[in-house]
Amino acid sequence: MRPTETFVVEDINEAHGFARLRVEGGSGLLHCGLFPEQADGELSPLRLQLGDRVRGVRRGQTVSQVQWVSRAAPPEALVRRMEELSRQLEARGLRVVVAPESLADHQWREGPGSPLLEAIQPQLRLFFAWDAAHPFEDERLLDRVEQATAEHLPGFSVLPVPGVARFRVEPGSHVIVGGEPDWEEPARLFEPLVEHINQELGRARVLVRWMPVRDNWVLATQELVDLLVSNGVLQGRASA
């Protein structure tokens with residue numbers, strides 16, 4: 001059985017998907033993949049970075065069975081950026097419970113998903129609850145929209161008109177004709193309703209609107225949505 005050795009990550013070749021390792025205390029470079037193994041043998045979702053210490057088995061010019069010994073700290077500038085973003089979000093009423101160092105490390109190592117979005121999503125008012133159901137199968141969709149909107153428009157209510165793509169909205173007994181239902185793009189059905197609600201929010205002189213983001217709307221200020229989109233926490237909606 002080949003012995004396990006400890007290595008330091010000296011270089012990352014992103015174009016070809018490998019890292020260069022140096023034996024700790026020695027010289028010469030060897031190669032391994034960008035993603036180390038976890039305890040269960042699966043590849044980590046976080047990739048190696050410069051300065052990581054790993055252990056593995058040398059096989060010629062490559063190293064296999066690579067696992068972390070210790071992870072290098074993310075760049076200080078990225079940590080400060082996450083600190084500032086967290087501060088700005090908390091100033092706008094969104095509590096961030098994830099440490100800036102963890103957010104920076106995840107971004108630096110190009111991890112999947114967004115820990116920051118996971119932290120703040122329960123505090124966001126989203127039109128569609130994709131994690132619960134497709135919008136056309138979500139029995140609570142209009143109740144959720146009504147509740148969130150009524151916080152800014154007292155007395156607001158919305159009900160579907162059975163059998164047709166229409167919505168009855170109070171106050172005013174407005175009947176809003178929905179767009180053409182499309183399973184692949186459910187936003188089309190609700191766009192006229194959202195437009196009406198946003199007009200009413202504007203008349204009430206409140207700052208929030210149902211703002212478009214990728215495959216959804218979020219009830220928030222333009223300033224907050226711009227902050228989230230510019231930092232990659234949310235994705236903007238592509239123009240038609």
Side-chain angles (χ1 to χ4, degrees), residues 85-96 113-240:
L85 177 56
S86 296
R87 185 194 67 77
Q88 292 185 40
L89 292 176
E90 293 194 356
R92 290 162 176 79
L94 295 177
R95 183 167 175 261
V96 180
S114 170
L116 182 53
L117 179 57
E118 291 177 8
I120 67 172
Q121 185 163 322
Q123 305 168 67
L124 296 175
R125 295 305 186 91
L126 296 170
F127 199 95
F128 298 147
W130 283 102
D131 56 341
H134 185 282
F136 292 173
E137 298 177 333
D138 185 355
E139 296 180 355
R140 295 200 62 254
L141 189 153
L142 291 180
D143 288 342
R144 186 174 58 253
V145 171
E146 177 179 295
Q147 181 180 5
T149 304
E151 294 178 8
H152 305 277
L153 291 177
F156 173 83
S157 68
V158 56
L159 291 170
V161 177
V164 292
R166 298 184 181 184
F167 308 93
R168 186 174 301 279
V169 178
E170 299 290 349
S173 296
H174 299 282
V175 175
I176 308 300
V177 179
E180 186 69 25
D182 185 331
W183 182 271
E184 298 300 325
E185 296 186 46
R188 290 183 179 180
L189 172 63
F190 299 97
E191 282 171 349
L193 174 63
V194 171
E195 182 179 357
H196 173 81
I197 295 173
N198 283 343
Q199 289 174 350
E200 294 301 309
L201 289 168
R203 293 189 184 97
R205 300 183 181 277
V206 297
L207 295 178
V208 300
R209 300 288 189 277
W210 284 103
M211 303 293 298
V213 293
R214 185 180 68 86
D215 71 17
N216 217 329
W217 287 276
V218 58
L219 187 62
T221 64
Q222 181 73 61
E223 180 187 41
L224 176 58
V225 172
D226 288 346
L227 179 65
L228 294 172
V229 171
S230 65
N231 284 277
V233 183
L234 292 177
Q235 296 179 18
R237 186 178 298 183
S239 301

(message) Ignoring hydrogens, what is the shortest heavy-atom contact between A165 and L189? Give both atom names and the distance.
(response) CB-CD1, 3.6 Å
(message) Rounded to the nearest 0.5 Å, what separates atom CG in L117 from atom CG in L124?
(response) 7.0 Å
(message) Between R209 and V206 (side chain of the first, backbone of the second, donor and acceptor by atom type, cut-off under 3.5 Å), is there such a pair?
(response) yes
(message) With rounding to the nearest 0.5 angstrom, report the CD to NE2 distance, E200 to H174.
(response) 5.5 Å
(message) For a quick test of reading the model, state the closest non-hydrogen atom pair linking V194 to W210 and the distance between them.
(response) CG1-CB, 3.8 Å
(message) If I compare all heavy atoms of L201 with all of V208, which pair ends up nearest, and what's the gap?
(response) CD1-O, 3.6 Å
(message) Less than 6.0 angstrom from the centroid, inside 45 degrees of the normal: does R237 satisfy that with respect to the ring of W217?
(response) yes
(request) Compare all side-chain heavy atoms of L219 with those of V145 and state whether any distance is below 4.5 angstrom. (result) no
(message) Quick check: closest heavy atoms across S86 and V96, and the distance to 0.1 Å?
(response) OG-CG1, 3.7 Å
(message) Quick check for you: to the nearest 0.5 Å, what is the distance between L159 atom CG and E170 atom CD?
(response) 8.5 Å
Pair up each side-chain donor or acceptor in residues 126-136 with any protein partner under 3.5 Å, not counting sequence neighbours, and list the distances.
residue, atom, partner, partner atom, Å
W130, NE1, D215, O, 2.7
H134, ND1, F136, N, 3.0
H134, NE2, W183, O, 2.8

(message) Does R166, at its CZ atom, have more than 12 non-hydrogen atoms belonging to other residues, nucleotides or ligands within less than 6.0 Å?
(response) no
(request) Taking only Lys NZ, Arg NE, NH1 and NH2, and the carboxylate oxygens of Asp or Glu, determine whether R188 and E191 approach each other closer than 4.0 Å. (result) no
(request) Hey, could you give me the CG/CZ distance between L89 and R87, rounded to the nearest 0.5 Å? (result) 10.0 Å
(message) Could you report the tightest heavy-atom contact between I120 and R95, atom names first, then the distance?
(response) CG2-O, 4.0 Å
(request) Working to the nearest 0.5 Å, report the span between CD of E90 and CG of L85. (result) 10.0 Å
Identify every side-chain donor-acceptor pair in residues 222-229 under 3.5 Å, counting partners at least two apart or on other chains, and give the distances.
residue, atom, partner, partner atom, Å
Q222, NE2, D226, OD1, 2.8
E223, OE2, R92, NH2, 3.0

(message) Any side-chain to backbone donor/acceptor pair from E146 onto V158? Under 3.5 Å, distance only.
(response) yes
(message) Which residues pass the side-chain hydrogen bond (donor to acceptor under 3.5 Å, both in side chains) test with Q147, not counting sequence neighbours?
(response) none
(request) For L142 and L193, work out which heavy atoms get closest and say how close. (result) CD2-CD2, 4.1 Å
